[in-house]
Amino acid sequence: MITTSSIADRGALTRNRDRARRQGAALFLHDEAAGEIQERLSEVNRTFTSIAVVSGFPEFWQARFPAARVVPDAEILDLEPGRHDLVIHALSLHWADDPVGQLIQCRRALRPDGLFLGALFGGRTLMELRAALAEAESRIAGGLSPRVLPMAEIRELGGLLQRAGFALPVADSLRRTVSYSTLFRLIADLRAMGEGNALAARPRRFARRALFAEAARIYAETFPEGRDRIRASFEIIFLTGWAPDESQPRPLRPGSAAARLADALGTKETPLPDKPDPRIR
């Protein structure tokens, strides 16, 4: 069901993903994200024995994490509270109507001191396509329609981890630039990724042919890549957080230090004057 607050049309999103699978999904960015996640896990001094993966492409992620339980990225996640020591949200969180709710469900599915790793597309993804379509549509139709999914910035996502109750939250990003022969090849690749327009507010009528022709011209002029090609930016944001546990490091209370900084630096401590210096304004 689509509500007034829905970002995604879940039915359209499911159809887009099913069509991509039938036609041989282009999951090279999923491969990039999975490789990055596996590399990060190799740096954690721990063996994970109960793994869950949330994904819109279960076959791919099951192959990368054979021991994991893979569940769909539904509004209510099929995760049992306190069951897992590792939960991965795999490149689908950007489609969530309630990303904080998704993060909270992942945290609740973790055992104490369990690890959460998330990957999603960030705000710099498809910025060239967004700009070209907006300029073309404003010229031709005199307005704008929702055609590219709005995506969160990294500074916003770090705050979401804290709101969801994770300890030691970290957000960082990986950027990739892909070149295409034309805008139409880019759009075909997005469909093959299952990332076509599934916005709830998307136009239901066919766009005028002139719109995409003008967008392709603007794109080629504004964002060229080498000879006769265009560039497309993709930003994958990685979120890391831990289910709270007493064993985790905590910041010290102000004034609780057992040693003076001056002693550690081998210098003399100069107390501040009780009264302000009149020379300083």
Side-chain angles (χ1 to χ4, degrees), residues 6-10 12-13 16-17 20 25-37 40 54-57 60-61 73 88-100 102-103 117-137 144-161 170-202 212 215-216 218-220 222-225 229-240:
S6 296
I7 295 175
D9 178 343
R10 300 300 299 188
L13 181 59
N16 287 351
R17 290 169 172 174
L27 300 182
F28 62 94
L29 292 173
H30 282 256
D31 191 61
E32 186 93 31
E36 184 70 20
I37 288 173
R40 292 170 186 232
V54 179
S55 173
F57 286 92
F60 172 87
W61 286 90
D73 61 324
I88 300 169
H89 209 303
L91 217 56
S92 57
L93 190 58
H94 51 282
W95 282 110
D97 288 329
D98 181 13
V100 175
Q102 292 276 301
L103 293 174
L117 284 171
L120 69 159
F121 288 121
R124 296 183 66 83
T125 299
L126 300 175
M127 60 182 184
E128 302 92 350
L129 177 62
R130 196 187 313 273
L133 282 172
E135 185 173 347
E137 192 162 22
L144 300 178
S145 301
R147 299 189 182 277
V148 181
L149 177 70
M151 303 175 202
E153 299 293 337
I154 189 169
R155 61 182 179 274
E156 301 166 339
L157 292 167
L160 295 190
L161 285 169
V170 176
D172 62 289
S173 67
L174 177 72
R175 296 179 185 177
R176 291 290 181 264
T177 301
V178 183
S179 70
Y180 292 92
S181 56
T182 66
L183 173 143
F184 302 102
R185 286 303 310 158
L186 166 59
I187 292 175
D189 223 9
L190 292 175
R191 290 173 177 163
M193 297 177 196
E195 295 290 340
N197 190 354
L199 289 167
R202 71 190 185 282
F212 287 98
I218 293 170
Y219 202 131
T222 311
F223 306 106
E225 181 74 5
R229 295 185 71 82
I230 59 174
R231 67 177 182 270
S233 297
F234 294 91
E235 179 185 33
I236 303 176
I237 295 177
F238 293 93
L239 306 177
T240 305

Problem set entry | Main-chain N/O of Leu93 paired to Asp73 side chain as donor or acceptor, under 3.5 Å | no
For residues 118-126, which side-chain N or O atoms pair as donor and acceptor with protein atoms under 3.5 Å away, sequence neighbours left out?
from: Thr125; atom 1: OG1; to: Gly122; atom 2: O; distance (Å): 2.9
from: Thr125; atom 1: OG1; to: Glu235; atom 2: N; distance (Å): 2.9
from: Thr125; atom 1: OG1; to: Glu235; atom 2: O; distance (Å): 3.0

Exercise. Which value, rounded to the nearest 0.5 Å, describes the distance between Arg175 atom CZ and Ile237 atom CD1?
Worked result: 9.0 Å
Seminar exercise, completed: Taking every heavy atom of Ala232 against every heavy atom of Leu186, the minimum-distance pair comes out as CB-CD1, 4.0 Å
Problem set entry | Closest non-hydrogen atom pair between Ala33 and Trp61, with its separation | C-CH2, 4.2 Å
For this session: Return the minimal non-hydrogen interatomic distance between Leu239 and Ala171, and the atom names on each side.
Result: CD2-CB, 3.7 Å
Problem set entry | Euclidean distance, Ser6 OG relative to Leu199 CG, rounded to 0.5 Å | 11.0 Å
Exercise. Say you draw a straight line from OG of Ser181 to CD1 of Ile230; how long is it, rounded to the nearest 0.5 Å?
Worked result: 7.5 Å
Exercise. How many angstroms lie between CD in Glu36 and CG in Leu174, if you round to the nearest 0.5 Å?
Worked result: 5.5 Å
Exercise. Taking atom types as modelled and ignoring hydrogens, do the side chains of Glu128 and Ser233 form a donor-acceptor contact shorter than 3.5 angstrom?
Worked result: yes
For this session: Please answer whether the main-chain N or O of Pro146 pairs with a side-chain N or O of Asn197 as donor and acceptor at a distance below 3.5 Å.
Result: yes
Exercise. Take atom CZ in Arg130; do more than 12 heavy atoms of anything else shown fall under 6.0 Å from it?
Worked result: yes
Problem set entry | Minimum heavy-atom distance between Ala215 and Ala132, given as atom pair plus value | O-CB, 3.8 Å
For this session: Look only at the side chain of Arg231 and the backbone of Pro224, and say whether a donor-acceptor pair between them is shorter than 3.5 Å.
Result: yes
For this session: Please test Ile218 against Phe223 for side chain to side chain contact (heavy atoms under 4.5 Å, CB included), starting from the C-alpha separation and ending with a verdict.
Result: CA-CA 8 Å; Ile218 293 170; Phe223 306 106; 5.9 Å; no
Problem set entry | Sub-4.5 Å side-chain heavy-atom contact between Leu129 and Leu190 | yes
For this session: Say whether, by atom type as modelled, one donor and one acceptor occur between the side chain of Asp9 and the main chain of Ala198 under 3.5 angstrom.
Result: no
Problem set entry | Closest non-hydrogen atom pair between Trp95 and Arg17, with its separation | CD1-NH2, 4.0 Å
Problem set entry | Heavy-atom pair of closest approach, residues Thr240 and Leu161 | O-CD1, 3.6 Å
Problem set entry | Rounded distance (nearest 0.5 Å) linking atom CD of Glu135 with atom OG1 of Thr222 | 6.0 Å
Exercise. Parallel, tilted or perpendicular for Phe234 and Phe28, by the 30°/60° rule?
Worked result: perpendicular
Exercise. Taking Ser179 as the fixed residue, which of Arg229, Glu225, Arg185 is the one that meets the side-chain hydrogen bond (donor to acceptor under 3.5 Å, both in side chains) rule?
Worked result: Arg229
Seminar exercise, completed: d(His30 NE2, Ser92 OG) to nearest 0.5 Å is 8.0 Å
For this session: Please tell me if the side chains of Leu91 and Phe60 come closer than 4.5 Å, counting only heavy atoms from C-beta onward.
Result: no
Exercise. Would a 4.5 Å heavy-atom cut-off, applied to side chains only, mark Ile37 and Phe238 as touching?
Worked result: yes
